[in-house]
Amino acid sequence: EYLVAQCFEEQMKAYKDRTLDLEILPLPQITADIFLLKILITNILSNSIKFTREKESARIRVFSKRKEGEIHLYFQDNGMGFDMNYAAHIFEPFSRLENKEKYEGNGVGLATVKKICGRLQGRVNIQAFPGKGCEVEIVLPDRMLIAENAQKEEDAIKIGIIGDLSGMAKKEELGKFYAYHLAAEE
């Protein structure tokens, strides 16, 4: 939850004149490379922020569910959405559905999200409704849940978010769990 809020705050620095409601429901703590997660979340939120700018009361909602041995993370917005006939191309690098002059970007955000999901042995799905918004679903294996990876809390190696990309550390940041185990697996 903290990482989602942190990514959102960093993105909103570029939109000081905008107000956007972010609702983050309880999310599971998972083991993963913090920098890959941060890039994944930032790319999704960046699109939601970008494509809700025409809305008077823009909203982003982030929540999760556990289903059939998987963690499902959902990022919903009430932005402009898109025609699902173009969904097959949206995860291709440099693919853009919207006018380049009206919306900034280079078409690599969702391609990056897909690549990171694959690296985490997960997948990404998207649902959109023209004029009503979009939902990005990140599906990750259940084995990434911290509770299922740690036998005892004191046996865990907690690295934490050692600050954001600026290197600033914050005591209250929740962290990366078993980072060395993930690195050792690769």
Is any side-chain heavy atom of Val62 less than 4.5 Å from a side-chain heavy atom of Leu25?
-> no

Out of curiosity, Arg18 CZ to Lys55 NZ, how far, rounded to the nearest 0.5 Å?
-> 11.5 Å

Close side-chain approach of Ile90 to Phe82, heavy-atom, < 4.5 Å | yes

Phe129, Val124: one ILVMFWY side-chain cluster at the under-4.5 Å cut-off?
-> no

Any chance you could lay out the side-chain contact (heavy atoms from CB on, under 4.5 Å) test for Met80 and Glu54, step after step, and finish with the verdict?
-> CA-CA 8 Å; Met80 63 183 288; Glu54 309 276 324; 5.9 Å; no

Say you draw a straight line from CG of Leu27 to CD1 of Ile41; how long is it, rounded to the nearest 0.5 Å?
-> 8.0 Å

With rounding to the nearest 0.5 Å, note down the distance linking CD1 in Ile116 to CG in Asn43.
-> 6.5 Å

Are Tyr74 and Glu137 close enough that a side-chain donor and a side-chain acceptor fall under 3.5 Å?
-> yes

Write down the atom of Ile71, the atom of Pro141, and the distance for their closest heavy-atom approach.
-> CD1-O, 3.5 Å

Check step by step if side-chain contact (heavy atoms from CB on, under 4.5 Å) holds for Leu45 and Ile60.
-> CA-CA 8 Å; Leu45 291 177; Ile60 300 173; 4.0 Å; yes

Report yes if some heavy atom in the side chain of Lys38 is under 4.5 Å from a heavy atom in the side chain of Cys7; otherwise report no.
-> yes

Single-linkage hydrophobic cluster Val139~Ile30, side-chain heavy atoms < 4.5 angstrom | no

Taking the six-membered ring of Phe51 as reference, does the NZ or CZ atom of Arg53 fall below 6.0 Å from its centre and within a 45° cone about the axis?
-> no

Do you know which two heavy atoms are closest between Met144 and Ala32, and how far apart they sit?
-> CE-CB, 3.6 Å

Close side-chain approach of Glu1 to Leu3, heavy-atom, < 4.5 Å = no

Non-hydrogen side-chain atoms of Ile138 and His72 separated by less than 4.5 Å | no

Criterion side-chain contact (heavy atoms from CB on, under 4.5 Å) on Arg123 and Asn125, from CA distance to verdict | CA-CA 7 Å; Arg123 62 188 184 279; Asn125 302 307; 4.3 Å; yes

CD1-OG distance between Ile24 and Ser64, expressed to the nearest 0.5 angstrom | 11.5 Å

Please answer whether the main-chain N or O of Arg59 pairs with a side-chain N or O of Asn78 as donor and acceptor at a distance below 3.5 Å.
-> yes

Any side-chain donor near an acceptor of the partner, Glu135 and Gln76, under 3.5 Å | yes

Spacing of CG belonging to Leu22 relative to CD belonging to Glu9, to within rounding of 0.5 Å | 9.0 Å

Same cluster for Val4 and Phe63 if Ile/Leu/Val/Met/Phe/Trp/Tyr side chains link at under 4.5 Å?
-> no

Does a salt bridge link Lys65 with Glu70, judged by any charged N lying under 4.0 Å from a carboxylate O?
-> no

Pro28 versus Leu73: any side-chain heavy-atom pair under 4.5 Å?
-> yes

Roughly how far, to the nearest 0.5 Å, is the CG atom of Leu140 from the CG atom of Leu145?
-> 9.0 Å

Short side-chain to backbone donor-acceptor contact, Gln29 and Ile146, under 3.5 Å | no

Would you say Cys117 and Leu40 make side-chain contact, with heavy atoms under 4.5 Å?
-> yes

Could you give me the CA-CA distance, side-chain angles and deciding distance for Ile126 and Phe91, then say whether side-chain contact (heavy atoms from CB on, under 4.5 Å) is met?
-> CA-CA 10 Å; Ile126 195 162; Phe91 294 106; 3.8 Å; yes

